[in-house]
2 protein chains.
Amino acid sequence: MARVQRDGGDDSAPTTELPAVRGQGPPAVNGRANGRGAPIPADKARVIPEAAVARLAVYLRVLSGMAEQGAVTVSSEELATAAGVNSAKLRKDISYIGTYGTRGVGYEVDVLTSEIERVLGLTRQQKVAVVGIGNLGHALANYGGFPGRGFPVEALFDVDPDLIGIPVGGLPVNHIDDIPDICATRAIAIGVIATPPTAAQAVCDRLVEGGVHCVLNFAPVVLGVPEHVEVRKVDLAIELQILSFHVARNAEQRASRRTAAARASSNGEVV
Amino acid sequence: MARVQRDGGDDSAPTTELPAVRGQGPPAVNGRANGRGAPIPADKARVIPEAAVARLAVYLRVLSGMAEQGAVTVSSEELATAAGVNSAKLRKDISYIGTYGTRGVGYEVDVLTSEIERVLGLTRQQKVAVVGIGNLGHALANYGGFPGRGFPVEALFDVDPDLIGIPVGGLPVNHIDDIPDICATRAIAIGVIATPPTAAQAVCDRLVEGGVHCVLNFAPVVLGVPEHVEVRKVDLAIELQILSFHVARNAEQRASRRTAAARASSNGEVV
DNA sequence: ATCTGTGAAATCCTTCACAGCG
DNA sequence: CGCTGTGAAGGATTTCACAGAT
């Protein structure tokens with residue numbers, strides 16, 4: 001693992017530092033809001049746009065599929081197509097993490113894979129706890145080792161007394177009152193909330209109490225958390241509503257196009 | 001329902017047209033790629049940024065919670081706080097759909113609710129089909145009427161012969177070969193893919209064949225679709241990996257801060 | 001000749017800050 | 001006086017297009 005040196009070693013930082021993201025701090029109520037008085041030293045480079053991080057994870061998956069099929073190198077064009085983005089964006093995304101390509105050739109699949117894994121912090125295991133063992137929680141718990149290894153589920157919680165002690169996917173369910181203790185002792189890194197919306201905030205508070213810094217929230221509520229805690233939301237209803245918007249928009253578009261076409265002439269295009 | 005006229009009717013378009021989103025077309029391989037030769041007429045206004053659409057759905061939920069508690073009006077500040085955004089952004093988002101507030105007062109909860117519902121196309125029902133009745137599919141099917149009504153699940157599909165005919169959440173499971181027929185006859189608007197990744201593309205193709213224009217994809221693959229089809233992705237592994245990135249970044253930050261602190265002096269700050 | 005890496009331009013989104021209505 | 005609606009400024013992200021490496 002431990003890289004010795006950057007390939008096209010251009011600037012400083014020989015250490016194995018991990019990059020930061022930009023635009024992360026809270027909106028900053030007004031004016032300067034950075035602890036010290038300094039005008040933000042920040043190493044300038046070495047920040048990865050939040051949007052790029054999400055895509056790097058996609059590239060990683062595409063790469064693993066390619067590796068399985070025996071690919072050794074891949075061009076930005078191929079990888080981009082497979083990932084559903086354009087190649088300029090892909091190259092820029094990759095450039096945020098270093099320069100691992102060979103001009104005229106492309107990227108080595110395994111090099112790129114391990115570099116993305118390094119940046120995403122996938123070299124160490126992140127322990128996961130799932131709270132709320134209903135339909136969804138069951139589905140999540142049964143993933144066993146979570147998607148693509150690296151995210152072992154190490155604790156389950158629910159309120160329902162009938163569930164406590166029952167093993168789901170090989171792990172016994174604990175009561176949510178034990179969240180702080182168990183998360184702390186098992187060093188849980190990521191809490192997944194799959195409870196009804198009314199319970200979500202209380203559960204979240206206990207996770208934070210137990211030292212969890214990252215939360216994946218499936219409950220349809222906006223969680224309040226201290227600023228060092230990172231929350232990501234997966235919201236089915238909102239996804240459907242966004243799709244609904246597009247249905248409506250398209251229907252409208254088609255309708256007005258039809259009107260326009262009818263006005264212009266009776267043309268038998270198929271489109 | 002049918003609005004008679006915009007409140008602060010400033011520009012044209014007295015019809016009940018629905019807005020479009022910006023930046024929607026595919027990346028366009030290179031150069032001009034819009035069907036006709038026109039330099040994109042586009043009505044200029046009346047486009048809602050994609051990012052705003054997602055937030056409007058959030059506001060909608062927060063509003064319904066407020067309505068339940070008997071609130072009649074709400075200020076941009078209150079609504080914004082409850083939705084976890086800042087008030088300027090909220091006001092701008094709302095301004096994309098019209099001007100429904102009262103200066104010095106705020107917004108009427110029910111007016112705003114129904115206007116957002118209108119824009120999101122929630123006034124008509126969007127029929128949903130769920131494909132892949134495994135753990136996740138079960139969870140989805142059992143939502144019964146999908147989140148917040150408006151999205152009735154009207155068809156279920158799987159390959160497993162043991163499942164065909166079995167009712168799940170009140171609906172019998174059909175074979176995936178019947179997707180095109182059934183989706184067409186039942187006028188399914190949205191297809192939800194909860195299959196293993198290997199099956200996802202084939203399922204998606206059949207949904208499209210059945211006239212489905214919107215797909216919500218839970219399978220960890222990038223789907224290829226004709227350009228009139230809208231796909232949204234919910235990807236557990238990627239969400240976890242993004243969180244993992246933040247864990248790694250924070251750990252790194254803490255480490256370097258510790259180093260810096262140690263270097264500067266043995267200071268007993270808490271932070 | 002090909003394909004990466006990247007400044008610079010273009011586009012999209014957010015935040016500021018204030019005019020103006022009630 | 002309070003609060004919305006919105007130009008304009010400021011950031012962030014995407015795309016262009018080309019210099020430079022192999």
Side-chain angles (χ1 to χ4, degrees), chain A residues 6-11 20-31 33 40 42 44-45 47-56 73-81 84-108 111-112, chain B residues 6-11 20-33 40 42 44-45 47-56 73-81 84-108 111-112 115:
Chain A
R6 200 65 51 64
D7 276 346
D10 56 291
D11 61 78
V21 269
R22 284 192 289 174
Q24 258 314 101
V29 185
N30 217 332
I40 306 172
K44 186 189 143 213
V47 290
I48 303 182
E50 184 70 17
V53 173
R55 286 189 301 264
L56 284 169
T73 62
V74 64
S75 70
S76 64
E77 194 61 46
E78 294 171 289
L79 187 49
T81 304
V85 303
N86 80 17
S87 66
K89 196 192 296 194
L90 177 133
R91 288 199 302 279
K92 181 139 294 219
D93 286 345
I94 290 177
S95 79
Y96 292 125
I97 71 172
T99 73
Y100 303 111
T102 306
R103 291 169 193 230
V105 181
Y107 303 92
E108 276 185 57
V111 171
L112 199 48
Chain B
R6 200 65 50 64
D7 275 345
D10 58 291
D11 62 78
V21 267
R22 286 189 290 174
Q24 258 313 101
V29 185
N30 215 334
R32 243 113 302 113
I40 306 171
K44 187 190 143 211
V47 290
I48 303 182
E50 184 71 16
V53 174
R55 286 190 300 265
L56 285 168
T73 63
V74 63
S75 71
S76 65
E77 195 59 48
E78 293 171 291
L79 187 48
T81 303
V85 302
N86 80 17
S87 67
K89 195 191 297 193
L90 177 133
R91 288 199 301 277
K92 181 140 291 218
D93 286 345
I94 290 177
S95 79
Y96 292 126
I97 69 173
T99 72
Y100 303 110
T102 305
R103 291 170 192 231
V105 181
Y107 303 92
E108 277 185 56
V111 170
L112 198 48
E115 291 301 335

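We name chains A, B, ... by the order of the sequence lines, and we start the count at 1 in each one.
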Trainee: First locate atom OG1 of B/T81, then atom CG of B/N86, and finally report the distance between them rounded to the nearest 0.5 Å.
Mentor: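 Going from the OG1 atom of B/T81 to the CG atom of B/N86 covers 9.5 Å.
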Trainee: Side chain of A/S95 only, please: which of C/dG7, C/dG5, C/dT14 is the nearest?
Mentor: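 Closest nucleotide among those given: C/dG5.
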Trainee: Which value, rounded to the nearest 0.5 Å, describes the distance between B/L79 atom CG and B/Y107 atom OH?
Mentor: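 If I round to the nearest 0.5 Å, the distance is 8.0 Å.
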Trainee: Provide, to the nearest angstrom, the distance between the OH atom belonging to A/Y96 and the C1' atom belonging to C/dG7.
Mentor: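 For the pair A/Y96 OH and C/dG7 C1', the rounded distance is 12 Å.
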Trainee: Which one, D/dT14, C/dA17, C/dC13, comes nearest to the side chain of A/R55?
Mentor: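 Selected nucleotide (nearest to the side chain): D/dT14.
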Trainee: Can you check the A/I48 CD1 to C/dG5 P distance for me, whole Å?
Mentor: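 Roughly 14 Å, once rounded to whole Å.
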Trainee: Hey, what do you get for CG (B/L90) to CD (B/E78), rounding to the nearest 0.5 Å?
Mentor: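 Reported to 0.5 Å precision, the distance equals 11.0 Å.
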Trainee: B/S87: which residues meet the side chain to side chain contact (heavy atoms under 4.5 Å, CB included) condition with it, sequence neighbours left out?
Mentor: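 Counting only residues at least two positions away or on another chain, B/S87 forms a side chain to side chain contact (heavy atoms under 4.5 Å, CB included) with B/S76, B/E77, B/A80, B/R91.
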Trainee: Within the structure provided, determine whether B/T102 and B/T73 are in side-chain contact (heavy-atom separation under 4.5 Å).
Mentor: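 They are not in contact (no side-chain heavy atoms under 4.5 Å apart), so the answer is no.
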Trainee: Measuring from the side chain of B/K92 (C-beta onward, heavy atoms only), which nucleotide among D/dC16, D/dT6, C/dC13 has the closest atom?
Mentor: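 From the listed options, D/dT6 comes nearest.
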Trainee: Sort me out a list of protein N/O and nucleotides 18-22 of chain C N/O pairs below 3.5 Å, or just none if empty.
Mentor:
from   : atom 1 : to     : atom 2 : distance (Å)
C/dG20 : N3     : B/R103 : NH1    : 3.4

Trainee: Taking 4.0 Å as the cut-off, does a side-chain nitrogen or oxygen of B/Y107 come that near to OP1 or OP2 on D/dG5?
Mentor: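 Yes, B/Y107 has a side-chain N/O under 4.0 Å of OP1/OP2 on D/dG5.
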Trainee: Check the phosphate of C/dC3 against A/S76, side-chain N and O only, distance under 4.0 Å to OP1 or OP2. Yes or no?
Mentor: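 No, no such contact exists.
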Trainee: Rounded to the nearest angstrom, tell me the gap between atom CG in B/D93 and atom C1' in C/dC12.
Mentor: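 Those two atoms, CG and C1', are 14 Å apart.
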Trainee: Can you tell me how far C1' of D/dG5 sits from CD1 of B/I97, to the nearest Å?
Mentor: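 B/I97 atom CD1 is separated from D/dG5 atom C1' by 13 Å.
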Trainee: Rounded to whole Å, please give me the gap between CD1 in B/I94 and C1' in D/dT4.
Mentor: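 That distance rounds to 10 Å.
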Trainee: In whole Å, I'd like the distance from the CG atom of A/L56 to the C1' atom of D/dT14.
Mentor: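 Those two atoms, CG and C1', are 15 Å apart.
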Trainee: Report the distance from atom CD of B/E78 to atom P of D/dG2, rounded to the nearest whole Å.
Mentor: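 Atom CD in B/E78 sits about 15 Å away from atom P in D/dG2.
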Trainee: For B/E108, enumerate each residue passing the side chain to side chain donor-acceptor pair (under 3.5 Å) test, keeping only those at least two apart in sequence or located in another chain.
Mentor: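 None.
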Trainee: Rounding to an integer number of Å, can you tell me how far B/N86 CG sits from D/dG11 C1'?
Mentor: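 Going from CG in B/N86 over to C1' in D/dG11 covers 14 Å.
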Trainee: Kindly compute the distance separating CD1 (B/I97) from CG (B/L56), expressed to the nearest 0.5 Å.
Mentor: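 Answer rounded to 0.5 Å: 5.5 Å.
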